[in-house]
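All values below were derived from every heavy atom in this structure, side-chain atoms included, with hydrogens, water molecules and symmetry-related copies excluded.
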Amino acid sequence: MVVHPEAVTAAQQQAVLGYWTPERMAALTTPSSGNTPRSAPDGAPWTGADTLSRTVGRLFFTNHGEDESCTATVVNSANRSTVVTAGHCVNSPDLLGNDNQWLSNELFVPGYHDGLAPYGTFVARAGVADATWLRNKEHPEPRGEWGAPCVLGGGSSGGPRIADFDPSSGIGTVGDDTLSAFFDSSGQVCDHGNAACLRHLVGPQFTSAITKPLYKAAERS
């Protein structure tokens, strides 16, 4: 694994906070259409305990000079300051699959919605990623990962799939984090734009062999 220092000093942290103005955040979270969200079988607003809203939120960052965002989730940790997200929301190649870079200006905003940061903003002090991920010059094909058909698009990467979830408390165990992929009816990976392809949210299940060392390094950071 690799631990990468990010905004360590007070000046660096203040620079990240100053970078993410409300307008800059809103530019990444404005709906792409005029259709308002609605409750449906493929998704619905959460109306239960606010624990979920306080622990899942938007992760803003700069990727090869472009502002982007993912989803991240607070997990129970020794430093009380650890979130989990997808690998490409921490370190990513360019659009050609080259030039891996650690992403900059990482800012976590739990419960972010409609331009509001109801639980504060938190600058990332360090990023942790698996060394195998960093050696790959392009993202591996999502074969063997599990997920479900879902229309969620940009910004949903890194979102949690939660096991043993208790609706009354809003607490559970994060079993994997998601990314977007496209599959045909036979379950084979296919290209975005193909009419026979359906968007899925998929992710590798966390394991003690790979995920636990990353978690331990993060909670000690």
* To do: Mind listing the closest non-hydrogen atom pair of Thr178 and Ser156 along with its distance?
  => OG1-O, 3.4 Å
* Asked: Quick one: does Asp114's side chain have a donor or acceptor within less than 3.5 Å of a partner on Leu116's backbone?
  -> no
* Asked: Considering residues, nucleotides and ligands other than Asp166, do more than 12 of their heavy atoms fall under 6.0 Å from its CG?
  -> yes
* Has the side chain of Thr71 got a donor or acceptor atom that lies under 3.5 Å from a matching backbone atom of Gly155? -> yes
* To do: Identify the heavy atoms of Gly127 and Val90 that sit nearest to each other, and give their distance.
  => CA-CG1, 4.1 Å
* Just one of Leu179, Leu59, Thr85 clears the side chain to side chain contact (heavy atoms under 4.5 Å, CB included) bar with Ser157, so which one? -> Leu179
* **Hphob cluster co-occupancy, Leu107 + Leu28, side-chain heavy atoms under 4.5 angstrom** => yes
* To do: Please name the residue in the list Val174, Leu214, Asp176 that meets the side chain to side chain contact (heavy atoms under 4.5 Å, CB included) test with Val84.
  => Val174
* To do: Run the numbers on Trp102 and Asn91 for side-chain contact (heavy atoms from CB on, under 4.5 Å), then give the verdict.
  => CA-CA 4 Å; Trp102 289 93; Asn91 181 286; 3.6 Å; yes
* Asked: How long is the span from the CD atom in Glu106 to the OG1 atom in Thr62, to the nearest 0.5 Å?
  -> 8.5 Å
* Residue pair Pro118 / Pro110: nearest heavy atoms and the distance that separates them -> CD-O, 4.0 Å
* Asked: How many angstroms lie between SG in Cys70 and CG in Asp177, if you round to the nearest 0.5 Å?
  -> 9.5 Å
* Structure fact -> Heavy-atom nearest pair, Val3 first then Ser221, reads CG1-OG, 4.0 Å
* Minimum heavy-atom separation for Val109 to Gly120, with atom names? -> CG1-O, 3.8 Å
* **Side-chain donor/acceptor of Gln13 to backbone N/O of Val8, under 3.5 Å** => yes
* Structure fact -> In this structure, OG1 of Thr9 is separated from CD of Gln12 (nearest 0.5 Å) by 3.5 Å
* Say you draw a straight line from OG of Ser69 to CZ of Phe61; how long is it, rounded to the nearest 0.5 Å? -> 6.5 Å
* Evaluate the ring planes of Trp20 and Phe60, with Trp represented by its six-membered ring, and classify them as parallel (under 30°), tilted (30 to 60°) or perpendicular (over 60°). => tilted
* Are any of the side-chain heavy atoms of Ile162 and Leu52 separated by less than 4.5 Å? -> yes
* **Transitive ILVMFWY side-chain link Leu17 to Met25, under 4.5 Å** => yes
* Is any side-chain heavy atom of Asp99 less than 4.5 Å from a side-chain heavy atom of Pro93? -> no
* Examine the side chains of Ser81 and Asn79 and answer whether a donor and an acceptor come within less than 3.5 Å of each other. => no
* Given ring-ring contact (aromatic ring centres under 6.0 Å, His included), test Phe206 with Tyr215 step by step and report yes or no. => CA-CA 11 Å; Phe206 291 165; Tyr215 166 74; over 10 Å; no
* To do: Following the transitive rule for hydrophobic clusters with a side-chain heavy-atom cut-off under 4.5 Å over Ile, Leu, Val, Met, Phe, Trp and Tyr, establish whether Ile171 and Val74 coincide in one cluster.
  => no
* Sub-3.5 Å donor-acceptor pair from the side chain of Glu219 to the main-chain atoms of Ala78, do we have one? -> yes
* To do: State, to 0.1 Å, how close Ser208 and Lys212 come at their nearest heavy-atom pair, and which atoms those are.
  => O-CB, 3.1 Å
* To do: Report whether Val123 and Tyr19 are members of the same hydrophobic cluster (ILVMFWY, side-chain heavy atoms less than 4.5 Å apart, transitive linking).
  => yes
* Side-chain contact, heavy-atom cut-off 4.5 Å: Phe182 with Val189? -> no
* To do: Look up atom OG1 in Thr211 and atom CE in Met1, then write down how far apart they are to the nearest 0.5 Å.
  => 11.0 Å
* For the residue pair Phe108 and Phe122, categorise the inter-ring angle as parallel (less than 30°), tilted (30 to 60°) or perpendicular (more than 60°). => tilted
* To do: Using a 4.5 Å cut-off on heavy atoms from C-beta on, say whether the side chain of Ser169 contacts that of Thr51.
  => no
* Asked: Can you check whether Arg161 reaches Gln205 side chain to side chain, under 4.5 Å on heavy atoms?
  -> no
* Asked: Roughly how far apart are Thr82 OG1 and Arg220 CZ, rounded to 0.5 Å?
  -> 10.5 Å
* Transitive ILVMFWY side-chain link Leu103 to Val83, under 4.5 Å -> yes
* Does the side chain of Tyr119 reach to within under 4.5 Å of the side chain of Asp50, using non-hydrogen atoms? -> yes
